[in-house]
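Throughout, a chain's letter reflects where its sequence line sits, starting with A, and its residues are numbered from 1.
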Number of protein chains: 2
Amino acid sequence: MKKQTNANEAQECPSERVRQQLHRALRLLSGKWKGEILWQLVDGKQRFGQLRRAIPDVTQHMLTTQLRDLENEGLVKRTVFAEVPPRVEYEMTPAAKALRPVFEELSRWADAHGRLDPDPPAVDDDAKGRISPPDRPSRSAP
Amino acid sequence: MKKQTNANEAQECPSERVRQQLHRALRLLSGKWKGEILWQLVDGKQRFGQLRRAIPDVTQHMLTTQLRDLENEGLVKRTVFAEVPPRVEYEMTPAAKALRPVFEELSRWADAHGRLDPDPPAVDDDAKGRISPPDRPSRSAP
DNA sequence: CTGTATCCTACTGGATACTG
DNA sequence: CAGTATCCAGTAGGATACAG
């Protein structure tokens, strides 16, 4: 006797599809630095060294690795300039740019529930509604 | 009591804060099954076995582990009923419920860019605007 | 039914040194 | 400047068996 519920459950159930999408999407971002790297690129292309300075706790090795991952996942475009000194620029692909709403929602959530303490009294909605892209420290810094 | 802004951190720009928030938030969700578990709970409380059936590829061990993580992170509330047979119910905390917009954005994104193929022709905005919570197969199926 | 206890493998992430 | 090559520790994740 076969199940008489939905015979074709795998491809037709929308929630099943959503589940798998969530799984894959979260896996793409699962990496200690992926989120931060992408967020740095939201504002535009960045050089390797700029990213390195913008994310102080990351090592070159890790930055390279995660960057390569993101490239293979189609979230980051890498451009090499044949010059001396060498220059490499990274930028988000359109797919990655579409992630920005996700990041904004996530930041907003973390802002409200980041510590998960039962003590979030002074909540000023006006102050946290907008999320700004990362600052780009110009090279004029000493 | 309000958090005093340290004079030493006078250069604290909002984007720096956002970066750290993203880092922490993604770490909370970094776990092979966390996202799926939470999505299953979006619709309401679920028993251990229900979750297990809803996420076919997860083992008890992993389900237990990730559930404990989520509990310690304050995203899931665990309720044990002293009965035979034993019953344990899991439900999202308010903090986790606030994550729903994030999941919806993420699902929407994965739907559009999940495969990252340059071939997404049949885009029906009307069909993908709404994200449904997971189906709950009732126990009435013998 | 809902777990815990082992054990074990693979992968992630980090330190360091070297290269074009 | 922007990598690559090793090496290595810690941990996440999975199989299996057992228990309340």
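- The nearest whole Å value for the distance from the CD atom in A:Gln66 to the C1' atom in C:dG14 is 12 Å.
- Taking only side-chain atoms of B:Pro86, from C-beta outward, the nucleotide of C:dT4, C:dC1, D:dG3 with the closest atom is C:dC1.
- Going from atom CG of B:Leu29 over to atom P of D:dA12 covers 15 Å, rounded to whole Å.
- Picking from C:dT2, C:dG13, C:dG3 the nucleotide with the shortest atom distance to the side chain of B:Arg47 gives C:dT2.
- Taking atom CD of B:Glu36 as the reference point, atom P of D:dG13 lies 12 Å away to the nearest angstrom.
- In the set C:dG3, D:dC1, D:dG3, D:dG3 carries the atom at the smallest distance from any side-chain atom of A:Gln60.
- Connection of B:Val84 to B:Val88 is not established within any shared hydrophobic cluster, with ILVMFWY side chains joined at heavy-atom distances below 4.5 Å, either directly or through further cluster members.
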*Determine, step by step, whether A:Glu89 and A:Lys77 satisfy the salt bridge (charged side-chain N to carboxylate O under 4.0 Å, His left out) criterion, reporting the C-alpha distance in whole Å, the side-chain angles of both residues, the deciding distance to 0.1 Å, and the verdict.*
CA-CA 8 Å; A:Glu89 283 181 351; A:Lys77 166 104 175 298; over 6 Å; no
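- The listed nucleotides are D:dG3, D:dC1, D:dG14; the one nearest the side chain of B:His61 is D:dG14.
- Rounded to a whole Å, the CD atom of B:Glu89 is 16 Å from the C1' atom of C:dG3.
- Which of D:dT4, D:dA2, C:dT4 sits closest to the side chain of B:Arg68 comes down to C:dT4.
- Look at CZ on A:Arg52: it is 10 Å from C1' on D:dC1, rounded to the nearest Å.
- Counting only heavy atoms from C-beta outward, the side chains of B:Arg68 and B:Arg78 approach each other to under 4.5 Å.
- When distances run from any side-chain atom of A:Met62 to the nucleotides C:dG3, C:dC1, C:dG14, the shortest one goes to C:dG14.
- The side chain of A:Tyr90 approaches D:dG3 more closely than any other nucleotide in the set C:dG14, C:dG3, D:dG3.
- Considering only the side chain of B:Phe48, C:dG3 comes nearest among D:dT4, C:dG3, D:dA2.
- The side chain of B:Arg53 places no N or O atom within less than 4.0 Å of a non-bridging phosphate oxygen (OP1 or OP2) of C:dT2.
- Distance, B:Leu51 CG to C:dC1 P: 14 Å, rounded to whole Å.
- Per the geometry, CD1 belonging to B:Ile55 stands 12 Å off P belonging to D:dG14, to the nearest Å.
- Checked against D:dG13, D:dG14, C:dT2, the side chain of B:Thr59 finds its nearest nucleotide in D:dG14.
- When B:Leu106, B:Val18, B:Leu26 are each tested for a side-chain contact (heavy atoms from CB on, under 4.5 Å) with A:Leu106, only one passes: B:Leu26.
- Rounded to whole Å, atom P of C:dC1 lies 13 Å from atom CG of B:Leu63.
- Of the two residues contacting DNA chain D, namely B:Val58 and A:Thr64, the nearest-nucleotide position lying further toward the 5' end is that of A:Thr64.
- Distance check: B:Asp57 CG to B:Lys32 NZ gives 8.0 Å after rounding to the nearest 0.5 Å.
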